[in-house]
Amino acid sequence: MAIKRSEFPENFIFGTATSAYQIEGAVNEDGREPSIWDVFSHTPGKIQNNENGDVACDHYHRYNEDVQIMKEIGFNGYRFSISWPRVLFSNQKKNQKGLDFYNKLVDTLLENNITPFITLYHWDLPYYLYEKGGWLNPDIALYFQDYAALMFEILGDRVKHWITLNEPWCSSYLGYFMGKHAPGHTNIQETIIAAHNLLRAHGYAVKIFREIVKDGIIGITNVVSKIEPAKESEENFQAAILVDEIVNGWFHDPIIFGKFPENAKGLFKQLGLEIPETDMDIISQPIDFFGVNYYTRQLVEYDPTSPYLYKNVEGILPKTEMGWEIYPEGLYDMLRKIHRRYGLPLYITENGMAGPDKLQNDIINDDYRVKYLEKHFEKALEAIEDGIDLRGYFVWSLLDNFEWEKGYSKRFGIVYVDYKTQKRYLKKSAVWLKEFLRK
Ligand SMILES: CO[C@H](O)c1c[n+]2c([nH]1)[C@H](O)[C@@H](O)[C@H](O)[C@H]2CO
């Protein structure tokens with residue numbers, strides 16, 4: 001029996017999600033200053049096909065058309081991020097033209113009965129702050145607080161749902177350890193310091209939010225992957241626990257318990273790493289929800305030859321174009337785990353897949369994405385029926401967009417973008433969603 005919208009709570013938010021650098025383009029327009037992603041994407045060899053976000057989906061000029069598409073599909077929520085370097089100059093003066101873009105976007109969403117959910121930071125740190133040390137400089141938390149306060153003051157009268165950071169695990173591990181993301185560092189000690197300053201920035205933003213937007217809610221969005229032992233053994237179970245703490249626990253526990261998870265902390269200390277733990281009182285200020293970005297599982301095995309005592313193992317399930325296993329069961333497992341461990345309301349702030357999408361006679365037949373979404377919706381509904389306080393689900397993504405180091409080679413959208421013409425085409429999955437959201 002096909003799943004129906006009417007099986008979800010009436011006030012459940014079904015939305016879609018994007019981020020500024022991935023869709024806006026107009027990187028040099030109206031005074032916008034460079035971010036670390038502008039510099040990283042213009043560094044030869046960093047991005048597949050040496051692509052960049054200079055134009056992307058030209059959303060800065062086409063936002064009204066994109067909101068009309070969301071309305072046509074029937075979404076009642078839209079999660080997007082603010083481009084920090086678009087709204088604040090390096091002299092700390094506000095960029096009114098940049099702010100006006102977000103004012104117009106928010107007003108257009110509200111006129112179309114779409115609830116805005118704003119992410120303050122989705123990786124596009126102003127480059128001038130990187131030159132001051134970026135996430136390695138403890139002062140970054142104060143710069144972030146000032147930026148957050150500006151956005152709360154400008155939009156807080158109309159926007160009541162806020163997310164401080166998108167996936168601090170990605171900002172720290174991909175940006176400072178694996179070197180795959182901006183700023184492209186490869187240093188585990190820097191990674192730990194950046195992670196701590198990201199958490200501090202989150203806390204400072206929550207603190208000022210409570211003073212400015214008294215009738216709003218604020219949370220943080222984390223990577224949430226189901227970590228499983230590749231083969232059942234005591235050593236592999238221990239490895240899975242350790243990786244779950246490194247990927248998931250490190251960015252959830254401090255916010256709720258005011259401390260880092262013990263096994264991961266013990267491992268890092270064994271490696272001789274410094275674990276900064278200042279401001280845990282600010283980091284662990286109460287928040288109103290956790291955002292869950294779920295895509296897949298991660299299979300691990302104990303590996304005594306690795307300094308981190310584990311290695312990743314390739315799974316055997318069908319995979320998306322990103323090479324990620326399709327594993328809807330993991331969504332249920334992680335919603336239950338996070339709800340039980342932390343007791344907060346949850347929003348699925350990202351879930352979706354990259355597919356081999358082809359435009360043929362104005363049609364994109366992405367049946368695989370319909371099936372993916374249906375299976376993950378079923379698990380979300382199962383979680384709600386089992387008493388988990390899940391309040392919304394944002395499909396990643398509205399549009400095909402700039403997929404970071406993969407450039408435009410991976411298409412996550414339910415709407416196909418022809419980057420040569422900027423024409424938008426609803427994929428079969430968007431048509432399916434349109435019908436689903438009406439039942
Ligand atoms: C394990 O996947 C991560 O949770 C993740 C996946 N994704 C993300 N985080 C980011 O939040 C988006 O900007 C990406 O475009 C999107 C698709 O790659």
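First listed ligand is number 1; within each ligand, the first listed atom is number 1. Every heavy atom of this structure was used, including side-chain atoms; hydrogens, water molecules and symmetry mates were not.
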When you look for heavy atoms under 4.0 Å from ligand 1, do you find them on the side chain of N166, its backbone, both, or neither?
-> side chain
Any nitrogen or oxygen of N401, main chain or side chain, under 3.5 Å from a nitrogen or oxygen of ligand 1?
-> no
So which of R369, K410, K427 actually passes salt bridge (Lys or Arg N to Asp or Glu O under 4.0 Å) with D400?
-> K427
Among all protein non-hydrogen atoms, which one is nearest to atom 1 (C) of ligand 1, and what is the separation to 0.1 Å?
-> W324 CH2, 4.1 Å
Does R32 make a cation-pi contact with Y60, if we ask for NZ or CZ under 6.0 Å from the ring centre and within 45° of the axis?
-> no
With atom 5 (C) of ligand 1 as the reference point, say which of R297, M353, E167 has the nearest heavy atom.
-> E167
The protein heavy atom nearest to atom 18 (O) of ligand 1 is E403 OE2, 2.7 Å
Taking salt bridge (charged side-chain N to carboxylate O under 4.0 Å, His left out) as the test, write out the residues that go with K428, two or more places apart.
-> D367
Which one holds for W404 and ligand 1: side chain close, backbone close, both close, or neither close, with close meaning a heavy atom under 4.0 Å?
-> side chain
Correct closest heavy-atom pair for Y78 and F394 would be N-CE2, 3.9 Å
Can an N or O of H122 be found at a distance shorter than 3.5 Å from an N or O of ligand 1?
-> yes
Between E314 and K319, is a salt bridge (charged side-chain N to carboxylate O under 4.0 Å, His left out) present by the stated rule, with each step listed?
-> CA-CA 10 Å; E314 172 109 14; K319 297 182 179 68; 3.4 Å; yes
For atom 6 (C) of ligand 1, which protein heavy atom lies nearest, and how many Å away is it?
-> Y295 CE1, 3.2 Å
Proximal atoms of ligand 1 relative to W123 (non-hydrogen, under 4.0 Å) = 10 (C)
Among pairs that include at least one residue of residues 71-80, which meet salt bridge (charged side-chain N to carboxylate O under 4.0 Å, His left out), considering only residues two or more places apart or in two chains?
-> E72-K434, R79-E350
In short, S171 meets W123 closest at the heavy-atom pair OG-CD1, 3.4 Å
Examine S19 against ligand 1 and note whether any of their N/O atoms are separated by less than 3.5 Å.
-> no
With atoms numbered from 1 as shown, which atoms in ligand 1 lie under 4.0 angstrom from a non-hydrogen atom of F412?
-> 17 (C), 18 (O)
In the protein, which heavy atom is nearest to atom 7 (N) of ligand 1, and how far is it?
-> E350 OE1, 3.3 Å
Flag the pair F436 / F14 as yes when their ring centroid distance falls below 6.0 Å, and as no otherwise.
-> yes
